[in-house]
Amino acid sequence: MKNIYVDVDDVLSQTIEMYIDIVEKEFGQAVPLDRIQTFDLKVSFDLTEKQFHHLFDLAHRPDCIMAYEAVEGAVAALTAWKNSGHRIDIVTGRPTATRESTLAWLRENHVPFDTFTMVDKYNRPGNDRSIAVTKEELAKRSYDLAVEDSMEMALYLAGQMKVKTALVDRPWNRSCPDHGNLVRGETWADIAVLA
């Protein structure tokens, strides 16, 4: 049995596609996926501070979260892992205010999991410290495999925590340096075989 960490945004849910739609509708900017070269969405979408906060607020509303599509193959892979006896911890850096809507999205999309953890991955203001654990607290946990799209978090997991980490291939993580514990996965078919 393996203990597996699985991120939510752009790993389980097609989050960036919703951000692209919001930016086009709200600000009239058409930004193709391959132009999103950094995890810093303010930079990727060329937004002012005010525009970025508006985007962030809209993208984290419960109705928006519930509209996210599941990433192709993700639910099937997690179901196969669960059926094989593996333990799945869904781990997200979303704001703590999204806890209930994120759990509702997981249920609605039939995502199997054992535990749900919110981590203050990016030092976001306004996070409820009684809900989100710190990265240091996360580092005390033991995982056999992690699945992430954030280059920063993937390197933290692979390096600091010494966890075999599948980095879901996205334009914003293509500059990630090689690491012995890090493998890149183009699709969930590539990732599913790692457990």
Side-chain angles (χ1 to χ4, degrees), residues 2-24 29-47 55-56 59-60 64-65 67-82 84 86 88-94 102 105-106 109-113 117 119 121-122 135 138 143-195:
K2 292 184 178 176
N3 195 28
I4 305 173
Y5 162 126
V6 181
D7 181 41
V8 176
D9 291 311
D10 296 303
V11 172
L12 292 176
S13 74
Q14 294 181 23
T15 308
I16 197 63
E17 287 81 359
M18 183 67 77
Y19 278 65
I20 289 169
D21 287 347
I22 294 171
V23 166
E24 187 163 6
Q29 299 177 43
V31 180
L33 179 63
D34 63 353
R35 263 203 34 219
I36 302 171
Q37 300 287 318
T38 174
F39 202 71
D40 183 342
L41 296 178
K42 188 174 142 192
V43 172
S44 286
F45 289 116
D46 192 25
L47 301 174
L55 166 66
F56 201 73
H60 290 100
C64 194
I65 286 174
Y68 292 159
E69 297 288 328
V71 172
E72 185 178 342
V75 174
L78 267 63
T79 300
W81 287 348
K82 191 80 182 120
S84 294
H86 300 311
I88 299 167
D89 186 12
I90 301 297
V91 182
T92 184
R94 284 181 178 176
T102 301
W105 184 89
L106 292 167
N109 286 276
H110 309 286
V111 177
F113 64 97
T117 303
V119 179
K121 296 178 182 180
Y122 312 108
K135 283 169 60 175
L138 179 72
Y143 294 104
D144 300 292
L145 175 66
V147 187
E148 255 293 349
D149 72 302
S150 161
M151 179 170 65
E152 175 191 330
M153 274 310 295
L155 289 171
Y156 184 82
L157 287 155
Q160 181 80 16
M161 294 178 63
K162 298 179 180 17
V163 178
K164 180 179 180 181
T165 303
L167 182 61
V168 179
D169 187 59
R170 300 285 187 241
W172 53 86
N173 64 35
R174 297 215 172 113
S175 64
C176 187
D178 289 337
H179 189 285
N181 286 335
L182 201 62
V183 294
R184 188 172 289 276
E186 295 279 333
T187 67
W188 265 98
D190 301 329
I191 296 164
V193 298
L194 298 174

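Checking side-chain atoms of Trp81 against main-chain N and O of Ala192 turns up a donor-acceptor pair under 3.5 Å. A donor-acceptor contact shorter than 3.5 Å is absent between the side chain of Thr38 and the backbone of Ser44. Under a 3.5 Å cut-off, the side chain of Tyr156 and the backbone N or O of Lys135 do form a donor-acceptor pair. Checking side-chain atoms of Asn173 against main-chain N and O of Asp149 turns up a donor-acceptor pair under 3.5 Å.
Partners of Tyr19 under the ring-ring contact (aromatic ring centres under 6.0 Å, His included) rule, at least two apart in sequence or in another chain, do not exist in this structure.
Note: Tyr143 OH to Ile88 CD1 = 12.0 Å, rounded to the nearest 0.5 Å. Note that CD of Glu24 is 10.5 Å distant from CZ of Phe45, once rounded to the nearest 0.5 Å. Atom CG in Leu155 sits 7.0 Å away from atom NE2 in His179 (nearest 0.5 Å). In this structure, Gln29 CD and Ile20 CD1 are separated by 12.0 Å, a value rounded to the nearest 0.5 Å. We find the CG-CG distance between Asn109 and Leu78 to be 12.0 Å, quoted to the nearest 0.5 Å. With rounding to the nearest 0.5 Å, the separation of CE in Met153 from CG in Leu157 is 4.5 Å.
When the options Asp10, Asp9, Asp7 are evaluated for a salt bridge (charged side-chain N to carboxylate O under 4.0 Å, His left out) with Arg94, the one that passes is Asp9.
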Between Glu152 and Tyr122, does a side-chain contact (heavy atoms from CB on, under 4.5 Å) hold up when you go through it step by step?
CA-CA 10 Å; Glu152 175 191 330; Tyr122 312 108; 4.3 Å; yes
Is there a side-chain contact (heavy atoms from CB on, under 4.5 Å) between Val11 and Val71 once you walk through the steps?
CA-CA 7 Å; Val11 172; Val71 172; over 6 Å; no
Given Trp188 and Val147, is the side-chain contact (heavy atoms from CB on, under 4.5 Å) satisfied, shown in steps?
CA-CA 10 Å; Trp188 265 98; Val147 187; 4.0 Å; yes
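Within 6.0 Å of atom CD in Glu69, 12 or fewer heavy atoms from other residues, nucleotides or ligands are found, so the atom counts as exposed in its surroundings. By the neighbour-count criterion of 12 heavy atoms within 6.0 Å, atom CD of Glu72 is sparsely surrounded, having that number or fewer from other residues, nucleotides or ligands.
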What pairs of donor and acceptor atoms, side-chain ones from residues 160-169 against any protein atom, are under 3.5 angstrom apart with sequence neighbours left out?
| unit_1 | atom_1 | unit_2 | atom_2 | d |
| --- | --- | --- | --- | --- |
| Thr165 | OG1 | Val163 | O | 2.8 |
| Asp169 | OD1 | Arg174 | NE | 3.2 |
| Asp169 | OD1 | Arg184 | NH1 | 2.8 |
| Asp169 | OD2 | Arg174 | NE | 3.3 |
| Asp169 | OD2 | Arg174 | NH2 | 3.0 |

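The two atoms that bring Cys176 and Met151 nearest to each other are CA-SD, 3.1 Å, heavy atoms only. Minimum interatomic distance between Leu12 and Ala74 (heavy atoms only, all atoms of both residues): CD2-CB, 3.8 Å. Contact record, Met18 with Ala67: CE-CB, 3.6 Å, taken as the closest heavy-atom pair. Contact detail for Gly185 and Asp190: the closest heavy-atom pair is C-OD2, 3.9 Å.
His86 has its side chain out of reach of Asp144: every pair of non-hydrogen atoms, C-beta onward, lies at least 4.5 Å apart. Ile16 is listed as a side-chain neighbour of Leu41, based on a closest heavy-atom distance under 4.5 Å. Inter-residue side-chain proximity for Phe113 and Ile4 is flagged as unmet; no heavy-atom pair is nearer than 4.5 Å.
Pairs passing the salt bridge (charged side-chain N to carboxylate O under 4.0 Å, His left out) check and including a residue from residues 32-41, sequence neighbours excluded, do not occur.
In this model, a donor atom of one side chain and an acceptor atom of the other lie less than 3.5 Å apart for Tyr5 and Glu148.
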